[in-house]
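Everything quoted here is computed from the prediction, not taken from an experiment.
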Amino acid sequence: MVTLSNLQARQFLLLKHGLLGSYKFSGKEGALDFVRQAGCIQFDPVDVCGKNAELTLQSRVKGFRKQTLYELLYKDRALLDYPDKNLSIILTEDFPYFLRYRQAAREGGRSFEGLAELERKTLDYIAHNGPVSSDTLPVSGTMFWHSHIHWSGNWGGQTNAARAVLEQLYSTGELVIYSKNGSRKIYDLAEKHISPDILNADDPLPEEFAHQKWRVLRRIGAVGLLWNRPSDAWLNIWNLKAPQRDEIFRQLLEEEKIAEVKVEGIKNILYCRSEDLPLLDTVRQKVSYAPRCELLAPLDCMMWDRKLIKALFGFDYTWEIYTPAEKRKYGFYVLPVIYGDKFAGRAEIAADKKTDTLIVKNIWYEEGVKQNKTLAAAIDKCMRRFARFNECGNIARQDKPMGGGLDPYGNKRAGESGCRYDRTTGGMSCE
């Protein structure tokens, strides 16, 4: 068993995720490497200042742009939209491991009246006419349908028939998302975009327990440190109950695929992947790391077990997007703020495309955080980088007064030719 101080455990997690010191991931290959490390990153369609998957990558990948993920998904086809931890983005090469999902979707689809005939007509239409979306597929009306592998459709009523059949065929793996136009999904035949050796491969782990074991090991690697207890980190691993989880941890330890980690102040034993033991040795050498300030996604891989984050960092985070406005403590879409080896606070930010402005609505600092010039400079640098990521030419802060015609960065106010984003170079220039 490895023993770590609380600080060492925090540093290990942040280094594992490439959030501390110099960037661990860079460019398109870096984005792909992080998805490979995590197994999957969660997708969520809400776009206030970037979608969740984009936010996850921008905090870790040097020079990341939204177009980078789009290319990996819809041009290079190295990544694939498909359920894993709920709606996710996975490596295309891992698609065979989810054959049981496709089979379950196909079996579940048989219970919906009229769906089979509609599937045949839709596949024929796409084969002859090319990619379609729910508003261009010539199917009208509604039908009773819901997905058997992810949260889509209406469990108690009618669903738009065009959307239902496209989502069904996507669930069964006969269609893939060809591209997206904003939030609008455009579908095409999977056989045109996924190689036959992947699309038609047998399930590498047909036995359920072996599949669960593979998924648990991936999730441990995705978070970095996890405990053997109920956790949101296990979401959508089918039929994983405590007895199965206990046996999986026992076997993974016996096979030396994971290692036990004891962290000061935490009662439960934590576990990491054995391949990360050299990184544990590094943090035990008490190396100092240059701090970075980063904004994390609400459904960031490192945040999958929020009770663990609270135990390690003392940071209590709730994503309040589904909380009624009058009951929210912070805001609708609030991002955790990392600075160095701690959470400095959280920020509510919105990208206003109409005014070409990144609006920092508020920053709430954690108790005990020193709001000095060093932190202010780090926040400044982070927000400038985040504006470039959102392709916003201006930055405005509503959480601080703006006197003298300048914002808190010393730039002219939004709309008065302050910082400008150059879409050609991808750079930011300020007068």
Query raised in the report: Between Arg388 and Glu391, does at least one N-O distance fall below 4.0 Å, as a salt bridge requires?
Result: no
Report task. In sequence, state the C-alpha distance, the side-chain angles, and the governing distance for Lys16 and Asp276, and then conclude on salt bridge (charged side-chain N to carboxylate O under 4.0 Å, His left out). Result -> CA-CA 8 Å; Lys16 164 83 173 173; Asp276 291 326; 2.8 Å; yes
Query - Asp33 with Lys24: basic N within carboxylate O range, under 4.0 Å - result: no
Query raised in the report: Do Phe112 and His146 make the cut of ring centroids closer than 6.0 angstrom?
Result: yes
Under 3.5 Å, sequence neighbours excluded: what are the donor-acceptor pairs made by side chains of residues 173-185?
| unit_1 | atom_1 | unit_2 | atom_2 | d |
| --- | --- | --- | --- | --- |
| Glu174 | OE1 | Thr172 | OG1 | 2.7 |
| Arg184 | NH1 | Ser134 | OG | 2.8 |
| Lys185 | NZ | Glu167 | OE2 | 2.5 |

Query raised in the report: Looking at Trp214, does the NZ or CZ of Arg218 lie under 6.0 angstrom from its six-membered ring centre and within 45 degrees of the ring axis?
Result: yes
Requested in this report: Check whether any side-chain heavy atom of Tyr317 lies under 4.5 Å from a side-chain heavy atom of Ile309, and answer yes or no.
Outcome: no
Report task. Run the numbers on Arg328 and Glu348 for salt bridge (charged side-chain N to carboxylate O under 4.0 Å, His left out), then give the verdict. Result -> CA-CA 12 Å; Arg328 289 179 192 138; Glu348 184 176 16; over 6 Å; no
**Report entry** Carboxylate-amine/guanidinium proximity below 4.0 Å for Arg60 and Glu294
**Finding:** no
Query raised in the report: With sequence neighbours excluded, what pairs up with Tyr70 under the ring-ring contact (aromatic ring centres under 6.0 Å, His included) test?
Result: Tyr74
Query - Salt-bridge present (Lys51, Asp44; N to O < 4.0 Å) - result: no
Requested in this report: Identify whether the distance between the nearest side-chain nitrogen and carboxylate oxygen of Arg250 and Asp246 falls below 4.0 Å.
Outcome: no
Report task. Using the side chain to side chain contact (heavy atoms under 4.5 Å, CB included) rule, take Arg102 and Tyr170 through it: C-alpha gap first, then chi angles, then the decisive distance, then the call. Result -> CA-CA 9 Å; Arg102 289 177 271 161; Tyr170 157 77; over 6 Å; no
Query raised in the report: Relative to each other, are the rings of Trp238 and Tyr101 parallel, tilted or perpendicular (30° and 60° limits)?
Result: parallel
Query raised in the report: Is there a side-chain contact between Leu99 and Tyr97, using heavy atoms and a 4.5 Å cut-off?
Result: no
Query raised in the report: Does the cation-pi check pass for Arg346 over Tyr330, that is, NZ or CZ under 6.0 Å from the six-membered ring centre and within 45° of its axis?
Result: yes
